[in-house]
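Notes follow once the structure below has been shown.
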Amino acid sequence: MKVNIFKQKVKKQLWFLNKKEKEKLDSVLNSSIESEATGELNRPIAFSNQFLKEHIFKEKITSTSYLFMMLIGILITYIILLGLFLFGFLASLSSVQYFIKPEVHLSNTVVILTLIGSILLIILCLYTIKQVTAYFTKKLLEYKHNKDL
């Protein structure tokens, strides 16, 4: 496998890492490529798992109650974020509908501010959903790697 494709697959596999961890990944990738470990370059998923075990996840004892609380946290967080996203989407649709077919009398500045606020809410919710997904993905993988301890 070519080096660029290998790097791309590993980075795609480890999309949830933060900036400091991505810098560590780059240094480990460069050192493994320089050491000419051809066996490692053919298996990006195995390399990703090994990187997570050695450099990211610390050994700590986890229990099923930790997993249960994490799953409840995921559920509640996604319910709130999807609710805010749908609220922003419906608010933007209602303000656009007012411009097409006004049934009540509102000032244009209120409608424009509602439209801008709802679009910003939609963008903020999408960004937050991405960050929350990365956080919970990392925590679930940490639980998976440390559940045997």
Side-chain angles (χ1 to χ4, degrees), residues 1-33 43-149:
M1 183 178 296
K2 292 185 180 180
V3 174
N4 291 336
I5 295 172
F6 177 75
K7 279 185 176 182
Q8 183 181 11
K9 286 187 177 189
V10 168
K11 288 182 180 180
K12 189 179 240 184
Q13 185 80 22
L14 300 173
W15 65 272
F16 53 86
L17 298 178
N18 60 27
K19 186 185 287 187
K20 191 167 87 173
E21 292 166 343
K22 285 183 182 180
E23 290 173 358
K24 180 75 173 170
L25 174 65
D26 288 337
S27 66
V28 170
L29 269 172
N30 290 334
S31 66
S32 68
I33 289 170
R43 301 178 3 202
I45 295 174
F47 181 85
S48 301
N49 288 335
Q50 191 66 26
F51 174 78
L52 287 174
K53 282 181 186 177
E54 290 179 5
H55 300 285
I56 303 298
F57 298 140
K58 308 293 184 246
E59 290 184 8
K60 59 180 163 180
I61 298 174
T62 57
S63 64
T64 55
S65 62
Y66 175 76
L67 176 66
F68 182 71
M69 294 304 291
M70 196 170 14
L71 292 175
I72 296 295
I74 290 171
L75 182 69
I76 291 171
T77 305
Y78 279 135
I79 287 172
I80 291 170
L81 287 174
L82 286 175
L84 287 173
F85 176 77
L86 290 175
F87 174 75
F89 189 68
L90 291 174
S92 67
L93 284 177
S94 66
S95 61
V96 168
Q97 182 187 9
Y98 175 78
F99 284 123
I100 296 172
K101 185 180 174 185
E103 295 180 2
V104 294
H105 181 65
L106 293 173
S107 67
N108 285 338
T109 57
V110 170
V111 176
I112 290 172
L113 287 176
T114 303
L115 181 63
I116 292 171
S118 61
I119 290 172
L120 288 176
L121 183 64
I122 290 170
I123 292 169
L124 180 71
C125 284
L126 289 176
Y127 176 75
T128 308
I129 287 171
K130 179 184 180 266
Q131 296 301 319
V132 166
T133 303
Y135 174 77
F136 282 120
T137 301
K138 189 174 177 182
K139 289 297 178 183
L140 286 172
L141 283 173
E142 181 178 8
Y143 174 79
K144 176 188 165 196
H145 285 286
N146 291 328
K147 72 180 179 183
D148 296 331
L149 296 177

Are V10 and F51 close enough that some pair of their side-chain heavy atoms sits under 4.5 Å apart?
no

Check T137, L140, I79, V132 against I74 for a side chain to side chain contact (heavy atoms under 4.5 Å, CB included) and give me the one that passes.
L140

Do N18 and K24 have a side chain donor and acceptor closer than 3.5 Å?
no

Where do L29 and F47 land on the side-chain contact (heavy atoms from CB on, under 4.5 Å) test, with the steps shown first?
CA-CA 9 Å; L29 269 172; F47 181 85; 3.5 Å; yes

Suppose we screen for salt bridge (Lys or Arg N to Asp or Glu O under 4.0 Å). Which residues come up paired with K11, at least two apart in sequence or across chains?
D26

Stepwise side-chain contact (heavy atoms from CB on, under 4.5 Å) check, V111 with V96:
CA-CA 8 Å; V111 176; V96 168; over 6 Å; no

Charged N to carboxylate O below 4.0 Å: is that the case for K138 and E21?
yes

Flag yes if more than 12 heavy atoms outside F89 fall under 6.0 Å of its CZ atom; otherwise flag no.
no

With respect to L25, which candidate in L52, N30, L17 satisfies the side chain to side chain contact (heavy atoms under 4.5 Å, CB included) definition?
L17

Within the supplied structure, the quantity of interest is the number of heavy atoms (other residues, nucleotides, ligands) at a distance under 6.0 Å from Q131 CD; does it exceed 12?
yes

Stepwise, does the side-chain contact (heavy atoms from CB on, under 4.5 Å) test hold for N108 with F99?
CA-CA 9 Å; N108 285 338; F99 284 123; 4.1 Å; yes

Crowding at CZ, F87 (>12 non-hydrogen neighbours, <6.0 Å):
no

Euclidean distance, K22 NZ relative to L14 CG, rounded to 0.5 Å:
9.5 Å

Beyond-backbone contact of E23 with K19, side-chain heavy atoms, under 4.5 angstrom:
yes

Evaluate the side-chain proximity of T77 to L81: yes if any heavy-atom separation is below 4.5 Å, no if none is.
yes

Please check if any side-chain donor atom of Y98 sits under 3.5 Å from a side-chain acceptor atom of T114, or the reverse.
no

Is it the case that more than 12 heavy atoms not belonging to F57 sit under 6.0 Å from its CZ atom?
yes

When every non-hydrogen atom of C125 is compared with those of L84, the smallest separation belongs to SG-CB, 3.4 Å

Can you tell if the side chain of I45 reaches within under 4.5 Å of the side chain of S48, non-hydrogen atoms only?
no

Quick one: does L121's side chain get under 4.5 Å of F85's, heavy atoms only?
no

Would the number of heavy atoms belonging to other residues, nucleotides or ligands and lying under 6.0 Å from NZ of K144 be above 12?
no

Apply side-chain contact (heavy atoms from CB on, under 4.5 Å) to the pair T64 and F68, showing each step before the final yes or no.
CA-CA 6 Å; T64 55; F68 182 71; over 6 Å; no

